Amino acid sequence: MKRLRTAVLISGRGSNLQALIRACSDPQFPAEIALVISNMAGAGGLDLARTANIATRTISHKDFASRETFDAAIDAALTEAHIEFVCLAGFMRILSDWFARRWEGRIVNIHPSLLPAFKGLNVHQQALDAGVRVAGCTVHYVVPELDSGPIIAQATVPVLSGDTADTLAARILTEEHKLYPLALKMIAEGKVELRNGAAVFG
Ligand code: GRF
């Protein structure tokens with residue numbers, strides 16, 4: 001079976017990366033993780049990747065004068081490793097329009113809210129402040145505008161009385177770890193694709 005050659009871009013602890021690594025450890029899973037790139041040298045996710053014998057690269061944004069040159073270095077690393085598909089998993093850099101267009105339809109992100117509600121940062125507090133009774137997470141195609149691409153999959157959790165941003169985040173994270181592998185499977189099996197700016201399900 002030809003497996004979708006995937007890279008995961010991270011900045012931190014990498015629990016979603018770990019969920020993807022676990023899914024891809026099944027030889028029957030239609031995607032493989034061939035490269036993990038972090039912009040932070042100390043990211044915990046790098047250790048998770050190394051433990052799983054996955055190639056890693058640290059490309060620090062601080063070594064580049066502009067967003068575009070940083071993104072060009074990421075793009076070169078992906079191309080060099082013959083990467084076909086990219087998963088952003090807690091990657092805390094905003095990508096340039098150039099990069100988003102170049103990888104259009106071949107790059108997705110996981111975001112811990114039910115998009116289009118609550119974009120950007122502090123999304124769990126945003127959800128609590130808004131008083132929503134249901135929260136969740138979204139896997140979506142990456143487009144130049146932040147947290148705005150066509151939605152591939154979502155999962156919901158209840159908001160419970162007494163929730164803090166931390167307790168809500170933990171409940172959502174458990175769902176993220178199920179949703180991201182599921183979405184990658186759908187993509188790798190060709191059950192969803194980006195066509196004319198929309199997610200099309202087959
Ligand atoms: C997750 O909540 C993800 O949705 C968001 O950043 C967090 C990353 O966590 N984009 P982890 O590094 O995968 O543990």
Side-chain angles (χ1 to χ4, degrees), residues 2-21 23-24 30-112 115 119-121 123 137-152 176-177 179-181 183-184 187-188 192-194 197 199:
K2 165 88 179 74
R3 305 174 83 197
L4 187 66
R5 207 171 153 77
T6 303
V8 183
L9 271 54
I10 62 165
S11 298
R13 68 187 163 184
S15 70
N16 278 289
L17 166 66
Q18 183 66 66
L20 292 171
I21 290 173
C24 291
E32 62 177 326
I33 300 176
L35 179 64
V36 171
I37 300 177
S38 173
N39 67 309
M40 303 291 286
L46 286 171
D47 290 331
L48 299 173
R50 289 186 196 112
T51 302
N53 288 319
I54 295 167
T56 63
R57 296 278 299 265
T58 299
I59 302 176
S60 172
H61 56 284
K62 293 184 184 152
D63 292 341
F64 298 87
S66 68
R67 195 186 298 286
E68 281 73 18
T69 50
F70 169 65
D71 287 359
I74 302 257
D75 180 63
L78 296 172
T79 304
E80 191 184 310
H82 305 289
I83 295 302
E84 299 171 301
F85 197 82
V86 177
C87 291
L88 305 182
F91 183 66
M92 300 302 286
R93 303 302 302 172
I94 293 174
L95 294 164
S96 58
D97 291 8
W98 169 81
F99 188 94
R101 290 214 176 83
R102 182 163 168 80
W103 286 87
E104 187 177 18
R106 300 181 294 146
I107 182 167
V108 295
N109 180 44
I110 187 158
H111 181 78
L115 290 172
K119 298 177 181 181
L121 296 175
V123 294
C137 50
T138 303
V139 177
H140 63 92
Y141 285 107
V142 171
V143 297
E145 197 187 337
L146 189 68
D147 298 332
S148 296
I151 292 169
I152 297 167
E176 293 184 44
H177 297 162
L179 189 69
Y180 217 173
L184 182 57
I187 292 159
V192 59
E193 63 179 342
L194 186 69

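Since this is a predicted model, take the numbers as computed values, not measurements. We count residues from 1, following the sequence as given.
To the nearest 0.5 Å, atom CD1 of residue Ile83 and atom CZ of residue Arg5 are 5.0 Å apart. Between the CD atom in Glu32 and the OG1 atom in Thr6 there is a gap of 7.5 Å [rounded to 0.5 Å]. A distance of 12.0 Å separates CD1 of Ile110 from CG of Leu17, quoted to the nearest 0.5 Å. Atom CG of Leu179 and atom CG of Asn16 lie 9.0 Å apart (nearest 0.5 Å). Within the model, atoms CG of Leu88 and CD1 of Ile37 stand 10.5 Å from one another, a figure rounded to the nearest 0.5 Å.
Here the closest non-hydrogen pair linking Thr56 and Arg50 is OG1-NE, 3.8 Å. Taking every heavy atom of both residues into account, Ala199 and Tyr141 meet most closely at CB-CE1, 4.1 Å. Between Ile21 and Ala52, the shortest heavy-atom distance links the atoms CG2-CB, 3.7 Å. Residues Cys24 and Ala31 come closest through the heavy atom pair SG-O, 3.3 Å. Closest approach of Asn39 to Phe70, counting heavy atoms only: CB-CZ, 3.9 Å. Of all the heavy atoms in Ile59 and Ala77, the pair that sits closest is CD1-CB, 3.9 Å.
Between Pro150 and Val143, the closest side-chain pair of non-hydrogen atoms falls below 4.5 Å. The side-chain heavy atoms of Arg102 and Leu78, taken from C-beta on, include no pair separated by under 4.5 Å. Contact annotation: the side chain of Asp71 never approaches that of Phe64 to less than 4.5 Å [non-hydrogen atoms, C-beta and beyond]. Using a 4.5 Å heavy-atom threshold, the side chains of Ser15 and Glu176 count as separate. Residues Phe91 and Val8 have side chains not in contact (no heavy-atom distance under 4.5 Å, counting atoms from C-beta outward). Contact check for Met92 versus Leu121: side-chain heavy atoms found under the 4.5 Å cut-off. With contacts defined as side-chain heavy-atom distances shorter than 4.5 Å, the pair Phe99/Ile107 qualifies. In this structure the side chain of His61 reaches within 4.5 angstrom of the side chain of Met40, judged on heavy atoms.
Using a distance-only test at 3.5 Å, with no hydrogens or angles considered, a donor-acceptor pair links the side chain of Asp147 to the main chain of Gly120. Remark: side-chain polar atoms of Ser148 are paired, donor with acceptor, to backbone N or O of Leu146 under 3.5 angstrom. Here the side chain of Arg67 pairs a donor or acceptor atom with the backbone of Ile94 at under 3.5 angstrom. In this structure, the side chain of Arg93 does not engage the main chain of Ser11 through any donor-acceptor pair within 3.5 Å.
For Arg13, the salt bridge (Lys or Arg N to Asp or Glu O under 4.0 Å) test picks out no residue, with sequence neighbours left out. Residues meeting the salt bridge (Lys or Arg N to Asp or Glu O under 4.0 Å) test with Lys2, sequence neighbours left out: Glu84.
Between Asn109 and the choices Val142, Val139, Leu95, the side-chain contact (heavy atoms from CB on, under 4.5 Å) rule is met once, by Val142.
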